[in-house]
Amino acid sequence: MGKILVTGGAGYIGSHTVVVLLEAGYDVCIVDDLSASDGQLLNGINIITGKKPVFAKLNICDYTSFNLFCRQHAPFDGVIHFAAYKSVNESVEKPLDYYNNNLMGMINVLQMMNEYDIPRLVFSSSCSVYGQPKILPVTELEPLGSPQSPYANTKKICEDMIADVCRVSPQIHATILRYFNPIGAHPSAQIGELPTGVPNNLVPYLTQTAAGQRPFLSVFGNDYDTPDGSCIRDFIHVDDLAHAHLSALRFTPTHSPEVFNIGTGNGISVFELLHAFEEATGVKIPVRLSPRRHGDVEQVWANPNKAKKMLGWEAKYALHDALLSAWNWQKSLDSFENKLP
Ligand code: NAD
Ligand code: WQD
């Protein structure tokens, strides 16, 4: 099948994608500095697949060690580039950390592609590059607004870097995946989201509240111009997202880079998600209404038709299944309860 270099493969989306790649017969080499993860998800990968991919703990911003790793393990048939810092709030507090890590990492990945003739790139971008789209559901043709955080800006700049490199390196086939809101965990509950510190994202905060580790969930804003007043997002099961990477690897774009929205196409409000969780799990969530969170866009969901047409990919899981898998994962973490900050 081929050998794929996966940066950030010990993280949330990376680990689910590595499972899908191994199950599809690819050889996988993971580089991850474990700055936002520990070895736990790597163990989960081994348990689910019975395989142990090559793993090196290294920072991809360190050109020398990254280059040495690539020299040792080349040739690669493709690289999937997940490694990045991803907290919107933290990026506002520490913009230089984000520009340094996310841009340096991207530059080095592109350097390795040139140096080791790696023909394919799949890049983790984010719907945050759209800001608040004018037309919903948003298509890839939506002009990108001005990024609302340094994090979103790093994704936009990385997309631009890839386009500039592809222009002069026609042998590189690049696919940019703009993820919407990934949630849930592998059906086995061996891997899932492991937020560091207090979760910023809705679903991990919700599952920790359901587990009694947080007293209540704050709903940030109930006065938006939406049917129930809360924000609307496109929540996609991480296993569906993982499969999108497999489809992207098998795809050869005629114009590189080719950009795809990876979402379900369904806009779900925060209140709708809460009710769906309660219905799926039978667990009641204590909720408090709170002021709007600074920087939140009101509503965004994907038009995923381009991915369906060109990649042959579409989301398969229902929201209930995604939420149930997130809950099963949370319950499997019970023994870690006392380690919560
Ligand atoms: P994650 O933090 O779980 O995984 C990222 C992994 O990259 C971590 O294991 C971390 O240790 C590693 N890493 C970070 N910087 C590194 C470096 N310089 N060298 C080596 N390893 C490094 O995050 P995730 O949710 O799996 O996200 C993966 C990618 O998808 C990121 O690029 C993120 O920006 C993007 N993304 C995530 C979401 C989301 O909501 N989770 C949405 C859109 C896009
Ligand atoms: C979803 C909704 C909150 C927590 C961010 C990034 C995006 C991507 C995913 C990386 C919002 C509300 C949340 C809570 C709440 N990440 N909420 N109470 O902000 O859509 O997207 O993460 O690329 O790029 O921007 O996701 O899960 O933080 O919030 O009411 O305790 O839930 O206000 O409306 P978001 P989220």
Side-chain angles (χ1 to χ4, degrees), residues 3-21 26 28-42 44-45 53-70 72-74 76 78-88 90-91 94-116 118 120-126 128-129 150-159 161-162 165 172 174-179 182 191 193-196 238 241-242 244-245 248-249 257 262:
K3 194 198 285 181
I4 308 299
L5 172 63
V6 180
T7 74
Y12 173 45
I13 305 168
S15 59
H16 287 80
T17 303
V18 168
V19 165
V20 167
L21 295 179
Y26 284 97
V28 173
C29 294
I30 300 173
V31 290
D32 195 305
D33 65 358
L34 303 184
S35 56
S37 48
D38 56 23
Q40 187 180 348
L41 300 184
L42 295 171
I45 293 171
V54 171
F55 169 71
K57 181 174 183 284
L58 68 83
N59 184 340
I60 59 165
C61 297
D62 174 357
Y63 178 87
T64 308
S65 57
F66 192 17
N67 192 21
L68 183 64
F69 178 89
C70 290
Q72 281 165 347
H73 295 280
F76 297 106
V79 50
I80 308 183
H81 178 37
F82 293 106
Y85 295 158
K86 65 163 182 179
S87 162
V88 171
E90 192 181 53
S91 78
K94 301 176 181 171
L96 283 180
D97 287 2
Y98 273 68
Y99 285 114
N100 184 49
N101 192 53
N102 294 5
L103 302 187
M104 232 17 254
M106 182 81 250
I107 290 169
N108 283 347
V109 165
L110 291 166
Q111 303 256 45
M112 298 308 152
M113 292 189 74
N114 273 329
E115 221 157 304
Y116 295 96
I118 307 177
R120 277 165 203 277
L121 168 68
V122 181
F123 173 63
S124 301
S125 190
S126 160
S128 61
V129 298
Y151 167 76
N153 203 22
T154 67
K155 291 296 174 188
K156 184 173 179 296
I157 296 169
C158 284
E159 289 197 8
M161 270 191 212
I162 294 169
V165 170
I172 292 182
T175 306
I176 292 171
L177 304 183
R178 291 182 182 154
Y179 312 155
I191 53 175
E193 195 165 5
L194 275 178
T196 43
V238 66
L241 187 54
H245 294 79
L249 272 181
I262 303 297

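Residues take their numbers from the sequence shown, with the count starting at 1. Given the structure is predicted, the values throughout are model-derived calculations rather than measurements.
Applying the salt bridge (charged side-chain N to carboxylate O under 4.0 Å, His left out) test to R178 and every residue at least two apart in sequence or in another chain returns E159. The ring pair (Phe, Tyr, Trp, His ring centres under 6.0 Å) search around Y26 returns none, not counting sequence neighbours. With sequence neighbours left out, L34 forms a side chain to side chain contact (heavy atoms under 4.5 Å, CB included) with A10, D32, S37, F55, K57. For S87, the side chain to side chain donor-acceptor pair (under 3.5 Å) criterion is met by N200, not counting sequence neighbours. When the side chain to side chain contact (heavy atoms under 4.5 Å, CB included) test is applied to N67, the partners found at least two apart in sequence or on another chain are Y63, R71, M112, E115, Y116. In this structure N153 satisfies the side chain to side chain contact (heavy atoms under 4.5 Å, CB included) test together with Y99, P147, K156, I157, sequence neighbours excluded. Residues passing the side chain to side chain donor-acceptor pair (under 3.5 Å) test with N101: none are found, sequence neighbours excluded. With sequence neighbours excluded, the residues satisfying side chain to side chain contact (heavy atoms under 4.5 Å, CB included) with T17 are I13, L21, I80, F82, A242, H245. For Y85, the ring pair (Phe, Tyr, Trp, His ring centres under 6.0 Å) criterion is met by Y98, not counting sequence neighbours. Here Y151 pairs with nothing under the ring pair (Phe, Tyr, Trp, His ring centres under 6.0 Å) rule; sequence neighbours left out.
With a 4.5 Å cut-off on side-chain heavy atoms, M106 and L110 count as touching. The shortest side-chain heavy-atom distance between L41 and V18 does not fall under the 4.5 Å cut-off. Contact of the F69 side chain with the V54 side chain is registered, since non-hydrogen atoms from C-beta on lie closer than 4.5 Å. Contact of the V79 side chain with the M113 side chain is registered, since non-hydrogen atoms from C-beta on lie closer than 4.5 Å. Two residues are said to be in side-chain contact when any heavy atoms from C-beta on lie closer than 4.5 Å; S124 and L177 fail this criterion. Within the 4.5 Å cutoff, the side chain of S128 has no heavy atoms near those of the V88 side chain.
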- Test L42 against I30 for side chain to side chain contact (heavy atoms under 4.5 Å, CB included), laying out the working first. CA-CA 10 Å; L42 295 171; I30 300 173; 3.8 Å; yes

- Task: Take I172 and N114 through the test side chain to side chain contact (heavy atoms under 4.5 Å, CB included) and record every step on the way to the result.
- Result: CA-CA 8 Å; I172 292 182; N114 273 329; 3.9 Å; yes

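Under a 3.5 Å cut-off, the side chain of N102 and the backbone N or O of A84 do not form any donor-acceptor pair.
Atom CG in D33 sits 10.5 Å away from atom CG in D62 (nearest 0.5 Å). Annotation: the span from I176 atom CD1 to C158 atom SG amounts to 9.0 Å, rounded to 0.5 Å. The distance from atom CG of L58 to atom OG1 of T7, rounded to the nearest 0.5 Å, is 10.0 Å. Separation of atoms OG (S15) and CD (Q40) is listed at 10.0 Å; rounding is to 0.5 Å. Atom NE2 of residue H16 and atom CD of residue E193 lie 9.0 Å apart, to the nearest 0.5 angstrom. If you take SG on C29 and CD on Q72, they are separated by 10.5 Å, rounding to the nearest 0.5 Å.
Here the closest heavy-atom approach between residue S91 and residue P150 is recorded as O-CG, 3.2 Å. A36 and T196 make their closest contact through O-CG2, 4.3 Å (heavy atoms, listed as atom of the first residue, atom of the second, distance). When all heavy atoms are compared, the tightest approach of K155 to S126 is CG-CB, 4.2 Å.
The one candidate from L5, N108, V109 that meets the side chain to side chain contact (heavy atoms under 4.5 Å, CB included) condition with H81 is V109.
Counting only residues at least two apart or in different chains, salt bridge (Lys or Arg N to Asp or Glu O under 4.0 Å) contacts with residues 94-109 comprise E90-K94.
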